[in-house]
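Below: the structure, in structure tokens.
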Amino acid sequence: MNKMELTSALQSLKLNEIPAAWVDAMWDLEFTESKPLDDPIEDELMATGDQVFSNVYQSLLAHANDQQSAGTDKASQSIWAMLVENGVSVKSLVAALSFFVLAGKAKTANIQQRVNGLHAASLYLLLLGIPGSIANKVLHEILLDTCLDMTSHCWPQDSGKKRKKDNLKSSQADGKRSKPHRKEAPEIEVEEDEEDEEELHFSGPDLMRMRDAVVLLVQSILRLLQTFPLKKRPQSASSCTQIFSKLLYFEPANGELTFSAGQDFTKLRSVPEMAFYGLQLLYSPKHGDQKESLQRIFHRLLYVILMMNKGNRSKPTLLIPSQAILAIRNQAIHFVIYTVDELKEPAMPFLQILLQHICFQMVEKSEFRTHGAQAVGMLTSQMASTDYACFVKWLLNFSRHSKMVCRLFSVDVVMVLLEHPERRTEECEDLELARFLPHKFLIQSLLFARRMDHSPTVQGHALACLAQCLELSSFNATRAVHNLFSTTGTQTMLEGETTEGSLSSQQTQKTYRTLPFRTVEISSTDSSGCDAKENLALLLRRVQDSKTNVRKSSLQALKGLLKHDVIPMNWENLAMLSERCRDPAVSVKKKALQCVGELLAAKPECSMVQKAWLHGVLPAVVDTENSVQEKALEALDQVLLSQVKLYSASRHLDASQRLTWDLLGLLCNECQGLSQYFSRAFTIWSTQNKFTQTFITNLISHTEADHAAGAWLLLSKVVASSPRLPYSKILDAWDSMVSSKDISVTTCCHILCVMGDIATHLNEDTKYRIVDDLMSWLKTFTLPLEVISAAVETLHQLGSSEDVKQTQAFLNQHCGELVSVCEAYLSSIMLSENGAENLNEELMVKHLHALGVASLHCPARVGKRTVLLVESVLTTHSDKFTDCQEELPASLPLSQFKANSLPTRVRAHGVITLGKLCLQHEELVQKYLPVFARELEVGTEVAVRNNLVVIMCDLCVRYTNMVDHYIPNISICLRDNEGVVREQTLIMLTNLLQEEFVKWKGSLFFRFMVALVDPVPAIASLCEYCLLHRLLKKNPEMFSQHFIECIFHLNSYSKHKSYNKFPQSEREKVLFSLKGAQHREKRFRIYRFLLDHFTDAQRFNITIKINDTVLACFADKELPLDADGAEILSETFNILSLKEMKLQAISVPAGGIPGEEPEEENVATMAKAVLQAAQKKVVSQVQKKAFIENTVPLIISLKSLLEQKHSPVLRDLMAYLQVTMQDYSSEVKEFFSGDEQLATEVEFALKTVEKDREMEEQMDKCSLAGDFKTPIAQDSVSGSPVRSRPLIPFPFATPQPLRPHPLSARQVHTDRRVYVSSRQEEHAKSKSTTLERTVMPRGAVNDRAISTPKGVSVNLTFDEAVSAIFSDQGTNLDRETSVVHVRSPEQQQEAGLRQWNVQSPLHKKKSTKV
């Protein structure tokens, strides 16, 4: 292009009219602000349009290209000479361009100013890229940075890319309650607008103009990077990296991007493509050290991959994972893969660091974790086996991090890595690293190890993922899971599995953990094994874990193991699944129903699975939660009803149909106890018109098949709600049953039920025929007892009519006939001299049963003779039959009459029949109730006592006032010698209490308390269930109302004026007494159970009440301080010292569960935390006031009294004060101002307890046997970046191998049983080595980083061997004085250096004592 055209274009900028003073002022201001111009000149400059800048840019670009093609120094200088020749001042040109740049940068700039600013910035960068620009003083650092970042100032910020706090929800938490706020602040914030300003709105054409100007600016930056080296300007290189990372979000990039070094950037279609090309140019050697460049680039791309916005703020902000954001993330991952593939070895260390930071900076949200794990999987797929093994080794340490989200994310990463093809160990040259390659290592050492995590979230996630491993295509992965639980073959050894903090089962290795200003060296040792039986036992315990999500995940894992035949398909394992269908948590119940359903679908032929499915699904039909009911009904409908198809003998049943009839067959035989739940399901379905005519037709077609029993079962349930039935087929089946002898008992009962339900649709002749058949059938007394009951019920239905008198006449005729037959038979036996000797026990039982069932329908036909005959079954007073007026002595039990020789079974049925007779005759109840009560006390036959409990509780429903007097006699059976009687009594009394036929009067409550500690665990568990889930809901104050009296009653103390005053016999007192030291554990188990279910208000009130009714009585000497009184007072102090007595609002931290660290918070959780803190403060003040006013005077008085009597209870009083005053240790003198000696003693006791606690903690820290804890100084721990520091200040350097998280006390206790032997072997050796290397004295490091020694093969940073904290402005490696180099022990010995004199605090204490 002609030079004159360039000169002409420059003149359009009015450079000659700009005053020199203004130019000098702009340069003096360093282009940080704009100096105002004279109005005419400023107006002319502001009127400059796009075309002017375009002409100048094109002219200058053409001239620059010509000079570049010329390639001579003379030519390269010609443009600057030309400007001088034409009087164009470079200084003025730069100042003029800065005027436009600063004007466009302003937040209030209009569209024209912004476009002009972008064009001016492009022009400046183009000018700067021409050789000779530095010599001609074009370069100015501040103006360069401003021009580079013009896009962020001019382009309007898209608020859609930001995420508001109140709209941000975890994908895990949709529809759930918000998580409680915990102690530590979240490390990831959600971005909000920093300033509330009125936004400028631009039209579509305006935005297109701006977009074209932005494209020109980006091209200018790329052109600058091609010609202008930034090697000596690391700040500019860092700015470019940040700018390009922002431009990735400028607009969507359609299609897949291609990356290549030699592409023409002018042909790139989108701004993100240009940005990626710019990042390629930046790691060129001419722009500085390639390692530093890669560090900056990967650091910025880290947040793109994490879907975070890393601006100038101190914390990254989360972005909405929209399709556009996900596309940019995927492009960034592919760019990293391309870069590593192109650069090979130089880029590999930074890929490792990038992977580590992706893991380390992950948030808890499941959606982000899923995408993050996928990114790790994509990046690791490009790594060589050795590098991959190094990463897995780091991941092993990372999985023991103290931060919950880190351990959680390690599980996600493992699952992604398992989906990739397994790497062969031969591919890794380092044999030590080769063991990290197999899938077996990932499953057993990383994934399965998390089952012991102290965080329920991590535990649950690990167990759920373990089940998913069995679905993987990798044979080695599934085999690794098999090895964990297989009880055959060799034992599988796991590396670093059971103890948190272990690196390997075969070696001791140093690890390093980066803190904000120092690195603390810690050491870990482990030697652990894995026992398959213990693993399975642990999994079964996790199914019953206290945490909901752990139970859900454990169920999923258990289902997977059973489905894939990893563990035995026995009833013990299957029962765990079916029992969880009745879990207290609704979500667990649904998960259990899902698991048993999936297992049934996978194993439809297994009868054990079918049985487990029935035991799980059917009880859920009566669940209190409607959604669980619906899920159970849906499963029953799908598996049972929908599979009833028309039967044909010539056609085989498919698998689903066979399953249906197998399940119905089980319900007819082994699972008959579930029939009540099954009936409930049909009651619900009957209102939904589910049973169509087609269904009934199909069902009846199966009554002639081999599985007819199941068909009759279904028919008996649906016949009552069916519109029409083929009665002829049912009657044919009836005739066949009457004439057949091979029909099972359950089938007979179901057919009789069907006949009774269709009775109203039969004509009179058919009814008479069926009644005749029934009567002749019944009078043979060959039927089983169940069939007799069903037949009599059917007889009642056949005789039912609208006329009640007619119905009763029918029953009196036919049932009365049965009563007469039974009476005649009993007379022949009981009144005959040799009747008892020739007794047919089975026939006798059937007559007694038939008599009892029939008598309920015809009470008028039961005479005194009948009653006495039944009574004679229990006694031998046959002379009564000569004089029926003689009455039975009510004071004597049945067993105290002359003993007869009848078997116990006959006597047990005789009691049941007598009870049925009493139900219809009130005078019999009055007569026999005392007899029943006495028999309960002295009877020796278990079956008789059990049936008496049932009878008396049934009579209580009908004759409540009469039986209420005998409730203490019934409740005595809670301490019966036989477990079956105790269980029956517990169930029957609970039913009466639930229906309010019985009240909590007298000693009944305390007898339930004694049942809580029943020697049979099943009965104790049943009692707990009855109290909590059936009775406490009806009376929430029940526990607190009886708590204090429990203390007196269980200790058999009756000297108090108000408590334990209800009447009891000496036998009752002995039976229900838990007095004495031998029963102390049982008493406190009861106290803890009650207190666990108190509200805070109840705890507070019961404390005050104990003061008033117990402590005050002893202090005022109303109760004697004798041996019994001392026991009561001692027990009272021990109860007040229980942790269950502490108010939860004070004792439970606002953070909720320890170890669960939230990664997010919203307004709801913050408000909840503030409310909890305020509540805690108020409650604490109220409790403190109550303690000072009510308790302290009593304590002082009691202490004086106990000292006078030299009572050992004084020790319990001081122990109570130690526990209580721990929260007020600094206020002891204020509390006990009335007794200075007591205050001094309490202070001394508190100090002693604190010292003992510290010593115990240090002993725990010194123990390396499996649960190693590094004794790090407290100030070092507080500086941990994972606890109190935000993510941003720590650099893009390798996160150090992290201090493994110590096991919780519960886990330590679990492991201690399993791994005692391995711990004992290592104890002495590990104690002596670790303590001297890990404990750092306080103040040893001040704002300095400790690096690893050079040459040590631990990948920490970028080969500088320095572990430090870098700012975003770049690294500073010149301050060697701020780095402390730590040598390995071997290097110290070789160099002969003196080791640091570091000792454990424990050693120091021991030396001082000596």
By ring pair (Phe, Tyr, Trp, His ring centres under 6.0 Å), F335 pairs with (sequence neighbours left out) F259, F276

Any side-chain heavy-atom pair of P272 and E251 under 4.5 Å
yes

With a 3.5 Å cut-off and no angle check, do the side chains of H461 and D453 form a donor-acceptor pair?
no

Is E426 atom CD crowded by more than 12 heavy atoms from other residues, nucleotides or ligands, each under 6.0 Å away?
yes

To the nearest 0.5 Å, tell me how far Q444 CD sits from L466 CG.
10.0 Å

Are the ring centres of Y283 and F298 closer than 6.0 Å?
no

Applying side chain to side chain contact (heavy atoms under 4.5 Å, CB included) to H439 and not counting sequence neighbours gives L418, E422, L442, S474, A477

Under 3.5 Å, is there a donor-acceptor pair between the side chain of D387 and the main chain of Q352?
no

Side chains of H371 and R329 in contact at under 4.5 Å (non-hydrogen atoms):
yes

Under the rule for side chain to side chain contact (heavy atoms under 4.5 Å, CB included), what residues qualify as partners of E471, not counting sequence neighbours?
K563, H564

M415 side chain near C469 side chain, heavy-atom distance below 4.5 Å
yes

Evaluate the ring planes of H357 and H299, with Trp represented by its six-membered ring, and classify them as parallel (under 30°), tilted (30 to 60°) or perpendicular (over 60°).
tilted

Determine, stepwise, if the pair L302 / F360 fulfils side-chain contact (heavy atoms from CB on, under 4.5 Å).
CA-CA 11 Å; L302 164 68; F360 194 77; over 6 Å; no

